[in-house]
Colleague: 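After the structure tokens below, expect a handful of questions from me.
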Number of protein chains: 2
Amino acid sequence: MNGLMVVPRPALFLEPARLAAHLDLDLVLAVETFQHTGSFKFRPAYHVAANVPNPHVIAASSGNFGQAIASACRIFGKRCTVVMPDTSAQVKVDAVREYGGAVDLIDLRVKSRAARIRELADQHPDAYIASAYDDWLVIQGNATLGRELAGADPPFDAVVVPVGGGGLSAGVITGLEEAGSRTRVFGAEPLNGNDAAASLRAGRLIANEREPDTIADGARTISVGQRNWPVLQRGLSTIFEIPEDAIVQAVQLLFSFANLKAEPTGALSLAALLAAPPALQGKRVCCVVTGGNVDPSVYRALLGS
Amino acid sequence: MNGLMVVPRPALFLEPARLAAHLDLDLVLAVETFQHTGSFKFRPAYHVAANVPNPHVIAASSGNFGQAIASACRIFGKRCTVVMPDTSAQVKVDAVREYGGAVDLIDLRVKSRAARIRELADQHPDAYIASAYDDWLVIQGNATLGRELAGADPPFDAVVVPVGGGGLSAGVITGLEEAGSRTRVFGAEPLNGNDAAASLRAGRLIANEREPDTIADGARTISVGQRNWPVLQRGLSTIFEIPEDAIVQAVQLLFSFANLKAEPTGALSLAALLAAPPALQGKRVCCVVTGGNVDPSVYRALLGS
């Protein structure tokens, strides 16, 4: 990196002609697979590490936030501890360590993530406990993407973003609002874990009974966060509920027609378009492809199904 | 595409931290997998279509040049005919047709590509017969990438490019020269089809006896072109000869550490670094990843081997 300071890189905007023709849409992809650490999560992680005064950051993550917060903490000379289940894929553990994070492996049959985080917080009173989504710094970090989306010329009629804990969606809504954009924001959530869609319908925060069973591992959240919920309720036009087979098909389409390696969660937004939702017909639509970190064995299976 | 004129897009520059650490190199990737039609070939195709006065362009290509010239001709309102073996993968035939090209399928047991091109040239005296590499317009089209590489700050010590017919390598050399750059250019060629490396050693143009057997299908050329050869002889520092297993490993590394879907020919330049050539140690090195068009079934096999 030439000794230069690493900062979040802007999204890569692509207009894949064959994919647009295939879907008969005016389609743009906002790609975060080449963001540092391979997903948009570097944006909020960077914002957290840059802004908290604590010399140590602790987070629970078996996914992209773990790598991102480890990398961001190293940039700002902070310690970082990432709590991960001892069943995590070795490549994910290795990635956190390569970015300089200490990995704290737990046996989920013995202790929950939350319990271990409380223990670590007690042991390290100087540490900041970072949530991957339910944190204003996370929402503000993700708002940088919203501002980039607001700068599109011509402007997008609609942006589609995956919804897990609501960190990205709340951030994109916030960033677009801050920029005075009229672009509408749509969520895309696995049908198998449709707590956010159910919450919007009910007008109150509803949680899944357990961690949802979906290949979109970035959206296996019990519910959206307390801080995220009012932003989503105010700013989301709707949430599309995506069946698993559409997620797989979207991964395949991104591979074949856009040369993109996307992880399943990253393909949720494109998957939302496959059912040709009337609200998006004839519109200029931007799908956020949030990340590309997926193991070769999982990806081979996705391409082959 | 909003009715805007499509022009070649600049290369995407990536500095994949984990890949650089893995190889212990100051590594930059210049990525052409998101170029229009999925490979750098759109640059020369566009330059040909923009500059020849003929209303019709004819080319023989079973690969990326076929898609690229079809797409470029449509932009300039020209007819395009692409001669392809009748054994070509259906996805490749479909791609040429989707970009508006007429596909002329031939049975190679009955007629050679060259013979069919001569027939078509006789039938269509108004047509321009486009070579994918042995053409000054192709070299000039590829020189646009050389000029982009020359603009890197800090400058690259070395650029590594795949060598097939020599269109890209001659173009990159030309573009760097035109910009007054001191960046050195290295070629990467499959060991199984090392005609260009043999030519450099012999000081004269040497051809393979037959189409080389390599997974890098963009480098299955009999020899470099007559126009390309003097440029390569003048401008290439050396050509690395890449074993097949290194090509596969490079595809896997780009997948795992850079989230890049590269085709085998596109991974040749990174494959050259796996043997840690002394000429590149301690240098700031840019690898050109030339294209990403590879079928799912082929790619699955590459990831799994």
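Residue numbering restarts at 1 for every chain, and letters A, B, ... go by the order of the sequence lines.
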Colleague: Please check if the number of heavy atoms outside A/Asp94 that lie under 6.0 Å from its CG is greater than 12.
Modeller: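 Yes, enclosed.
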
Colleague: Who among B/Ser71, B/Ala95, B/Ala258 has the most heavy-atom pairs with chain A under 4.5 Å?
Modeller: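 Ranked by heavy-atom pairs under 4.5 Å with chain A, first place is B/Ala95.
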
Colleague: Might you point out which heavy atoms bring B/Leu12 and A/Arg9 nearest each other, and give the distance in Å?
Modeller: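 Minimum heavy-atom contact is CD1-NH2, 3.5 Å.
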
Colleague: I need the minimum non-hydrogen distance between A/Phe255 and B/Lys261, along with the two atoms involved.
Modeller: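 Closest heavy-atom pair between A/Phe255 and B/Lys261: O-NZ, 2.6 Å.
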
Colleague: Using a 4.5 angstrom heavy-atom cutoff, name the option from B/Gln252, B/Glu263, B/Glu98 with the most pairs to chain A.
Modeller: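 Most pairs with chain A among the choices: B/Glu98.
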
Colleague: Between A/Phe34 and B/Phe34, does the ring centroid distance fall short of 6.0 Å?
Modeller: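 For A/Phe34 and B/Phe34, the ring centres are under 6.0 Å apart.
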
Colleague: Given heavy-atom pairs under 4.5 angstrom as the criterion, report whether the side chain, backbone, both or neither of A/Ala21 touches chain B.
Modeller: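 It is neither, since no heavy atom gets under 4.5 Å.
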
Colleague: With distance as the sole test, does A/Asn259 use its side chain to make a donor-acceptor pair with the main-chain N or O of B/Thr33 at under 3.5 Å?
Modeller: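 Yes; at least one donor-acceptor contact below 3.5 Å.
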
Colleague: Give the interface residues of residues 289-301 of chain B toward chain A, defined by a heavy-atom separation under 4.5 Å.
Modeller: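 At a heavy-atom separation under 4.5 Å, chain A is reached by B/Gly292, B/Asn293, B/Val294, B/Asp295, B/Pro296, B/Tyr299, B/Arg300.
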
Colleague: Could you look at A/Leu27 and say if it's the side chain, the backbone, both or neither that has a heavy atom under 4.5 Å from chain B?
Modeller: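 Neither part; nothing is under 4.5 Å.
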
Colleague: Nearest 0.5 Å, what's the CD-NE2 distance between B/Glu15 and A/His36?
Modeller: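 With rounding to 0.5 Å, CD (B/Glu15) is 8.5 Å from NE2 (A/His36).
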
